[in-house]
Amino acid sequence: PEGPYNAEFAFSLAPHVHILYTLFERELKSTNPMKKNSCAPVMLAIVGHASRLCNIDTVFSQRAMIQEVTKFMIRFQNNFIHLLSHPKATQLSRESCCRGISALRG
């Protein structure tokens with residue numbers, strides 16, 4: 001749903017959707033730069049895992065988590081670009097963003 005993060009709603013979701021909802025609606029919207037910087041490696045791990053599985057065998061693309069990542073591919077890409085241009089981004093965050101964008105491409 002639109003609006004602020006709703007913890008009750010988040011816990012009613014399936015685990016893979018709960019992770020993405022919390023990441024997009026709470027962590028990435030945080031004003032704390034350390035919290036924002038920590039999102040890039042997490043997004044890279046999610047996108048990289050999904051990309052690796054799809055490249056191994058197309059059967060994996062039927063998994064719920066992979067479909068959820070595919071559904072939010074544009075949102076992942078926009079967040080990677082936003083974090084990449086963030087003035088307080090760390091080197092690890094920038095590297096994770098670059099690798100994440102390339103994982104979305106592959």
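Here, residue 1 is the first one in the sequence, and each next residue gets the next number.
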Participant: Given the rule that I, L, V, M, F, W and Y join up when any side-chain heavy atoms are under 4.5 Å apart, are Val69 and Ile81 in one cluster?
Facilitator: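 As far as the 4.5 Å side-chain criterion goes, Ile81 and Val69 are connected within one cluster.
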
Participant: Can you tell me how far apart CG (Asn32) and OG (Ser38) are? Round to the nearest 0.5 Å.
Facilitator: 8.0 Å

Participant: Is there a donor-acceptor pair closer than 3.5 Å between any side-chain N or O of Arg94 and the backbone N or O of Ala89?
Facilitator: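 Yes; judged by distance alone, with no hydrogens or angles, the pair exists.
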
Participant: Salt bridge or not for Glu68 and Arg75, using N-O below 4.0 Å?
Facilitator: no

Participant: For Glu27, enumerate each residue passing the side chain to side chain contact (heavy atoms under 4.5 Å, CB included) test, keeping only those at least two apart in sequence or located in another chain.
Facilitator: Thr22, Leu23, Lys35, Cys39

Participant: Tell me whether Arg26 at atom CZ has more than 12 heavy atoms from other residues, nucleotides or ligands lying less than 6.0 Å away.
Facilitator: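 Yes.
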
Participant: Kindly compute the distance separating CG (Asn79) from NZ (Lys36), expressed to the nearest 0.5 Å.
Facilitator: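 The distance works out to 9.0 Å.
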
Participant: Which pair of heavy atoms, one from Val47 and one from Phe76, lies closest together, and at what distance?
Facilitator: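 Val47 and Phe76 have their closest heavy atoms at CG2-CD2, 3.6 Å.
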
Participant: Test side chain to side chain contact (heavy atoms under 4.5 Å, CB included) on Cys54 and Ile66; report intermediate values, then the result.
Facilitator: CA-CA 8 Å; Cys54 286; Ile66 308 286; 3.3 Å; yes

Participant: Calculate, to the nearest 0.5 Å, the distance between atoms SG and CZ belonging to Cys98 and Phe80 respectively.
Facilitator: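 Answer rounded to 0.5 Å: 10.0 Å.
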
Participant: What side-chain hydrogen bond (donor to acceptor under 3.5 Å, both in side chains) pairs are there with at least one residue in residues 80-92, not counting sequence neighbours?
Facilitator: Gln91-Glu95

Participant: Rounded to the nearest 0.5 Å, what separation is found between the CG atom of Asn78 and the CZ atom of Phe24?
Facilitator: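 If I round to the nearest 0.5 Å, the distance is 9.5 Å.
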
Participant: With rounding to the nearest 0.5 angstrom, report the CD1 to OG distance, Ile56 to Ser51.
Facilitator: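 Result: 10.0 Å between the selected atoms.
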
Participant: What class does the angle between the rings of His18 and Phe11 fall in, given that below 30° is parallel, 30 to 60° is tilted and above 60° is perpendicular?
Facilitator: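 His18 vs Phe11 ring planes: tilted.
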
Participant: If you apply the rule side chain to side chain contact (heavy atoms under 4.5 Å, CB included), what do you find for Asn6 with Tyr21, and how did you get there?
Facilitator: CA-CA 9 Å; Asn6 183 345; Tyr21 176 75; 3.8 Å; yes

Participant: Starting from the C-alpha separation in whole Å, work towards a yes-or-no answer on side chain to side chain contact (heavy atoms under 4.5 Å, CB included) for Ile19 and Val42.
Facilitator: CA-CA 10 Å; Ile19 291 168; Val42 172; 5.6 Å; no

Participant: Kindly compute the distance separating CD (Gln67) from NZ (Lys71), expressed to the nearest 0.5 Å.
Facilitator: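 That separation rounds to 9.0 Å.
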
Participant: Linking I/L/V/M/F/W/Y whenever any side-chain heavy atoms sit under 4.5 Å apart, do Met73 and Leu83 land together?
Facilitator: yes

Participant: Less than 4.5 Å apart, side chain to side chain, heavy atoms only: is that true for Leu20 and Ile46?
Facilitator: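 Touching, per the 4.5 Å side-chain cut-off.
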
